[in-house]
Amino acid sequence: MRERTESGRARSTSVIRGALAVAAAVLVAAAVLGAPSAAMAGLQHEFEVFANCPANNPDVSVCVYSHVTGGEFVLGKKKVAITEPVVLQGGEDAGTVVPATNGETLSKTALTVPGGLLGVEGLGGEVTATAELAGTVKLNVVNLAFGHGTAVSLPLKVKLDNPLLGPGCFVGSEREPIAVELTTGTTSPPAPNEPITGAPGHISLIADDRIEEVSGSSLVGNSFAVGGANGCGGLLFLLVDPAVDLSAGVPAAAGHNTAILDGSLEEANAGEVKHQLTLPEVGRCVVAESTGEGKRKVFKGAYEDKACTEESSGEGKYEWLAGPGTDRHFTSNGGKTTLEGVTGAKVTCSGTSTAGEYTGAKTATATVTLTGCTHSGSKEPCQSAKATSGEIVTNELSGKLGFISDEVTSAATDVSIGLDLSGQPSLLSAECGGEKEALVLSGSVIGAIGKLDKMSPSFSVKYKAKAGVQAPEAFEESPQDTLDATLGFGSEQAGLTSSLKLKNEEPLEIKAEFG
């Protein structure tokens with residue numbers, strides 16, 4: 001349990017709203033918006049909406065994620081209601097949107113055009129319209145915040161799809177984009193359009209005050225022009241393009257087109273996003289390099305504290321090195337380990353030893369040797385193949401770090417990290433007694449780790465279960481992560497109880513929190 005601090009929590013409202021406006025504007029102009037993120041209790045899960053933010057780009061200051069729940073887009077004669085989810089995501093750099101790392105800055109969501117393109121011979125039936133970016137999005141933070149002038153300028157093209165339109169039918173292009181200008185204030189369109197008014201929305205802080213959310217926002221624009229269709233009908237474009245123009249009512253001069261977007265947005269500091277999405281991880285917090293400036297030693301590290309959880313403003317004494325160093329191995333020697341099924345069948349081992357290595361910042365491999373193992377029913381020993389009586393050697397196990405909990409309360413952040421062990425095709429297989437009853441353990445099991453956010457020569461890992469039910473049964477907001485055991489009478493849910501103390505070759509840290 002870590003007490004909350006105010007350092008790094010508060011964000012600049014103008015920067016936040018500016019970055020969020022970019023997201024909203026793009027979605028508005030696209031007229032294909034939506035996709036709210038799921039409510040998530042864990043701190044890291046709340047940051048996962050920014051998974052495709054280019055946070056490693058040093059020019060990106062803010063990460064944005066936006067979704068819209070209503071609105072409309074009108075091009076010429078065609079009015080499309082916003083009924084399907086479309087996500088805008090990416091980063092913000094000095095008034096421009098930096099593309100998302102997965103290449104989907106604006107998701108390509110097809111919306112049905114009401115009435116299709118009736119009147120175009122052979123093109124009855126459904127026609128869909130998909131908005132795509134046709135250039136770089138620009139934003140004006142001051143105009144956004146004060147509800148006057150252009151908040152966002154968005155270049156757009158719209159792809160029309162129908163079996164007979166071909167793959168390259170667009171309204172607008174990179175060369176001649178639909179230049180939508182959006183505002184949270186009131187528009188001043190040419191006739192016949194009349195002024196419409198947007199809304200900046202309501203700002204709130206979530207995720208331990210690290211993410212700012214704007215709800216109830218509305219960005220509007222109805223002063224932009226729309227060009228004609230191009231590339232429709234493949235080789236027949238000279239015939240089909242004019243027919244599409246006639247049906248859709250394009251080209252359409254300014255005063256005949258409208259974009260309205262109602263929805264919400266989320267934004268976070270790019271540095272915060274970068275750190276939160278890497279947790280938890282094994283690594284080393286070391287003293288940073290330094291230089292002498294007169295009589296003063298100037299450190300070049302990124303962190304203030306020896307746990308590397310508080311970022312420095314420029315002259316941090318410590319540096320974080322993710323992952324193990326050259327000394328990757330660990331061992332453990334422990335006592336009793338118990339495997340119990342929900343029916344009460346049980347195997348108890350008097351000794352436990354482990355040998356393994358860290359294979360990355362979140363992963364490890366290990367082999368566990370259990371000694372003095374007996375079946376509770378027959379009281380006879382159990383052993384794996386080629387092992388001595390009472391000895392069970394597991395298959396090579398794969399270990400993975402994850403959050404058991406990282407929930408935020410009003411006073412603290414409750415953080416618990418687990419090590420999840422699994423094996424293929426099973427964790428272990430053995431036989432018990434003269435009847436050679438099969439013992440097979442499959443699935444995976446999570447144990448809680450001690451000594452978080454502190455360099456240490458060892459880590460404790462405790463696996464807990466009661467009456468065959470593991471605690472915990474899953475990482476936070478993740479699928480069930482439990483064991484199944486065959487103890488001579490078919491497969492059943494099982495739990496593992498054991499305590500391990502992993503002794504590292506060199507001091508390491510399991511980093512669980514940032515800021």
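All values below were derived from every heavy atom in this structure, side-chain atoms included, with hydrogens, water molecules and symmetry-related copies excluded.
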Quiz item: Does the side chain of Cys232 reach to within under 4.5 Å of the side chain of Phe237, using non-hydrogen atoms?
Solution: no
Quiz prompt | salt bridge (Lys or Arg N to Asp or Glu O under 4.0 Å) contacts in which one or both residues fall within residues 163-188, not counting sequence neighbours | solution = Lys157-Glu174
Practice problem: Determine the interplanar angle of the Phe224 and Phe73 rings, folded into 0 to 90°, and report it as parallel if under 30°, tilted if 30 to 60°, perpendicular if over 60°. | Solution: parallel
Quiz item: So do the side chains of Val80 and Pro114 get within less than 4.5 Å of each other, counting heavy atoms only?
Solution: yes
Self-check item: Lys79/Glu72 under salt bridge (Lys or Arg N to Asp or Glu O under 4.0 Å): CA gap, chis, key distance, verdict
Solution: CA-CA 7 Å; Lys79 177 179 178 180; Glu72 64 183 36; 3.3 Å; yes
Quiz item: Is any side-chain N of the basic residue among Glu272 and Arg210 closer than 4.0 Å to the acidic one's carboxylate O?
Solution: yes
Practice problem: Determine whether Trp320 and Lys511 make a side-chain contact, defined as any pair of heavy atoms from C-beta on separated by less than 4.5 Å. | Solution: yes
Quiz item: Are any non-hydrogen side-chain atoms of Phe403 and Val415 less than 4.5 angstrom apart?
Solution: yes
Exercise. Could you tell me whether the side chain of Glu92 reaches within less than 4.5 Å of the side chain of Val98, counting heavy atoms only?
Key: no
Self-check item: side chain to side chain contact (heavy atoms under 4.5 Å, CB included) evaluation trace for Val286 with Leu321
Solution: CA-CA 8 Å; Val286 299; Leu321 304 176; 3.9 Å; yes
Quiz item: Is there a side-chain contact between Leu111 and Thr128, using heavy atoms and a 4.5 Å cut-off?
Solution: no
Exercise. Report yes if the side chains of Ser215 and Ser204 come closer than 4.5 Å at any heavy-atom pair, otherwise no.
Key: no
Quiz prompt | Residues which pass salt bridge (Lys or Arg N to Asp or Glu O under 4.0 Å) with Lys306, listed by chain and number, not counting sequence neighbours | solution = none
Quiz item: In terms of side-chain geometry, is the basic nitrogen of Glu315 or Arg296 positioned less than 4.0 Å from the acidic oxygen of its partner?
Solution: yes
Self-check item: Glu132 and Lys159 ion-paired at < 4.0 Å
Solution: no
Practice problem: Taking all non-hydrogen atoms of both residues into account, name the closest pair between Ile446 and Ala474 and its distance. | Solution: CD1-C, 3.6 Å
